[in-house]
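Remember, predicted model here, so these are calculated numbers, not experimental data.
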Amino acid sequence: MHKRILAASAAAVLALSLAGCASGGDGGSGGESRVFRVAFNQNTEHPQAQAILELSDRLEEETDGRYSLELFPDGTLGAQEATIEQVQSGTIDFALVAGSLLESFNPDFSVVNLPYLYESPEHQMSVLNDREIVGDLYDSLLEDNMKVLTAYHGGVRNVYTDKAVETPADLAGAKIRVIGSETNVRMMELMGGVGTPMAQDEVYTAIQSGVIDGGENNELIYSSLSHDEIAPFYSSTQHLMMPDYLVASPTVWDGLDEETRGIFEELLAESVDTELAAFDAAVSGAKAAAEEAGATFVESDVDAFREAVLPLHEELVTTPATQEIYDAIEAARG
C-alpha cells in the first residue's frame, strides 16, 4: 500500500484524533513538517486518487519533506457532503467533491454543470482551471469557509439500459437514474426519458428488479459496479461532463507561506494533466472489461441529444455572472 494512504476506518479515526501531533507545525514557514489530510469517496485505483498520490510525492520532493498529502479513500471520512462540512470546520484539510454539490452553496455553479457544455475533457479542464473565467465563481465559496484549489475531470456520462439508445425517441418512457437534482431530472426529461434520482449503491438492484430501466454514468462506474451485467447496452449520448473539485480549508491554505503556495499551485496544474491522462487510460480498460462481461457499446446521435437539451441552457443561464462564464466557455471551444 502506498505510504500516503490510510484506507482502514480505524486508522482514519486514529489519524484525525492525533492530527495535532501528526500534522505538526503551523503550516507556515517555520520549517516543521505537515501532512495534509485528503478525503476521497473512490478507491485508490481511481485517476483522481492517482493524481493526488503523485501530487503528494512531488510536493514532498519540492518542499524538502516539509509537506505531503495523506489520502483517505473509499469514503473513509464520510460521504462527500460530510467531508465538505469537515473542510469548513477545519477537521480535515482537503476533500475531493462532485461539482453538483457546490450548487447548494451558490446556484451559479449550475452553469458549469450543464449538459453538452464542453466539447472535450481538455476543453473542460482548460476553462475550469482558468481563473479569468471561473475565479469569481470559485471565490464566492470563501464566505462559506471553502476554497476551490483545482477542478478535475470526472468522466463523460452516457446512458446505459437493456437496449440501444441512438436517439431521444429511444428513451421514451425509460426511467433512468440521475444525480439527485432538479437540473438532472429536467435534463433527462429533455433527452426523452424519465429522470429518477437515486443513491448510487441502490442502482444495481433497482435495474435488476425493474424499478428503473437504466442509469447514466461514465465507463469506470459502469464497469466497476457491474452495471454491465444488468444493463448491457452502453450508448454514447455523451451528455454530461460533471467536474470534481479539490476543495480546501481557507485557513489551511492561507497558513502556507507564499513560496509554498506557489509550488503547490504549479503542482496542482500538473496534477490536472496527470489525472486527465490517467482517466483516458482507465476508460479504455473499463470498456474492455465491460465488453468482456458482455456489454455492447452503441454510437448515439449526439447532435440530436444536444439539440434536445439546449433549452436547459436558456433556463439556467439567467444572471450576468452565469452568462459571462457561459460565453467564455463557448468562446474557448475548438
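Ring geometry, His46 versus Phe40: the interplanar angle exceeds 60°, so the pair is classed perpendicular (tilted spans 30 to 60°). A perpendicular orientation is assigned to the rings of His123 and Tyr118, their planes being inclined by more than 60° (bins at 30° and 60°). Using cut-offs of 30° and 60° on the angle between ring planes, the pair Tyr222 and Tyr234 is tilted.
A salt bridge links Arg186 with Glu189: the closest approach of a Lys/Arg side-chain nitrogen to an acidic carboxylate oxygen falls below 4.0 angstrom. A salt bridge does not link Lys287 with Asp228: every distance from a Lys NZ or Arg NE/NH1/NH2 to an Asp or Glu carboxylate oxygen is 4.0 Å or more. Comment: Lys175 does not engage Asp213 in a salt bridge, judged by the lack of any side-chain N to carboxylate O separation of less than 4.0 angstrom.
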Mind running side-chain contact (heavy atoms from CB on, under 4.5 Å) on Tyr160 and Ile207 for me, showing each step along the way? CA-CA 10 Å; Tyr160 50 88; Ile207 296 176; 4.2 Å; yes
Check the pair Glu266 / Arg58 against side-chain contact (heavy atoms from CB on, under 4.5 Å), numbers first and verdict last. CA-CA 10 Å; Glu266 287 184 15; Arg58 296 277 287 117; over 6 Å; no
Give the C-alpha distance, both sets of side-chain angles, the deciding distance and a yes or no for side-chain contact (heavy atoms from CB on, under 4.5 Å) between Val247 and Lys147. CA-CA 5 Å; Val247 297; Lys147 180 177 178 62; over 6 Å; no
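Nearest heavy atoms, Ser100 versus Ile179: OG-CG2, 4.0 Å. Scanning both residues, Met191 and Leu171, for their nearest heavy atoms gives O-CD1, 3.6 Å. Nearest heavy atom pair, residue Leu220 against residue Pro47, reads CD2-CD, 3.7 Å. Shown here for Arg66 and Asp257, the closest heavy-atom pair between the two residues is NH1-OD2, 3.9 Å. Shown here for Ala164 and Asp170, the closest heavy-atom pair between the two residues is O-CB, 4.0 Å. Ser300 approaches Phe305 most closely through the heavy-atom pair CB-CE1, 4.2 Å.
Summarising the local packing, CG of Asp254 is surrounded by more than 12 heavy atoms from other residues, nucleotides or ligands at distances under 6.0 Å. Atom CD of Glu122 has more than 12 neighbouring heavy atoms from other residues, nucleotides or ligands inside a 6.0 Å radius. By the neighbour-count criterion of 12 heavy atoms within 6.0 Å, atom CD of Gln88 is densely surrounded, having more than that number from other residues, nucleotides or ligands.
Between Ile325 atom CD1 and Ile133 atom CD1 the span is 9.0 Å, to the nearest 0.5 Å. Interatomic distance, Asn217 CG to Met242 CE, rounded to the nearest 0.5 Å: 10.0 Å. One finds the CZ atom of Phe94 at 10.0 Å from the CZ atom of Arg37 (value rounded to the nearest 0.5 Å). Rounded to the nearest 0.5 Å, atoms CG (Asp144) and CG (Asn106) are 8.5 Å apart. Atom OG1 of Thr322 and atom CG of Leu316 lie 8.5 Å apart (nearest 0.5 Å). Asn184 contributes atom CG, which lies 12.0 Å from atom OG1 of Thr196 (distance to the nearest 0.5 angstrom).
At distances below 3.5 Å, at least one donor-acceptor pair connects side-chain atoms of Arg177 with backbone N or O atoms of Met198.
Aromatic rings of Tyr245 and Tyr138 (six-membered ring for Trp) have centroids within the 6.0 Å cut-off, being under it.
Side-chain contact check for Thr237 and Ser235: no donor-acceptor pair (N or O, by modelled atom type) lies under 3.5 Å.
Screening Asp244, Thr274, Asn41 for a side-chain hydrogen bond (donor to acceptor under 3.5 Å, both in side chains) with Gln48, the sole residue that qualifies is Asp244.
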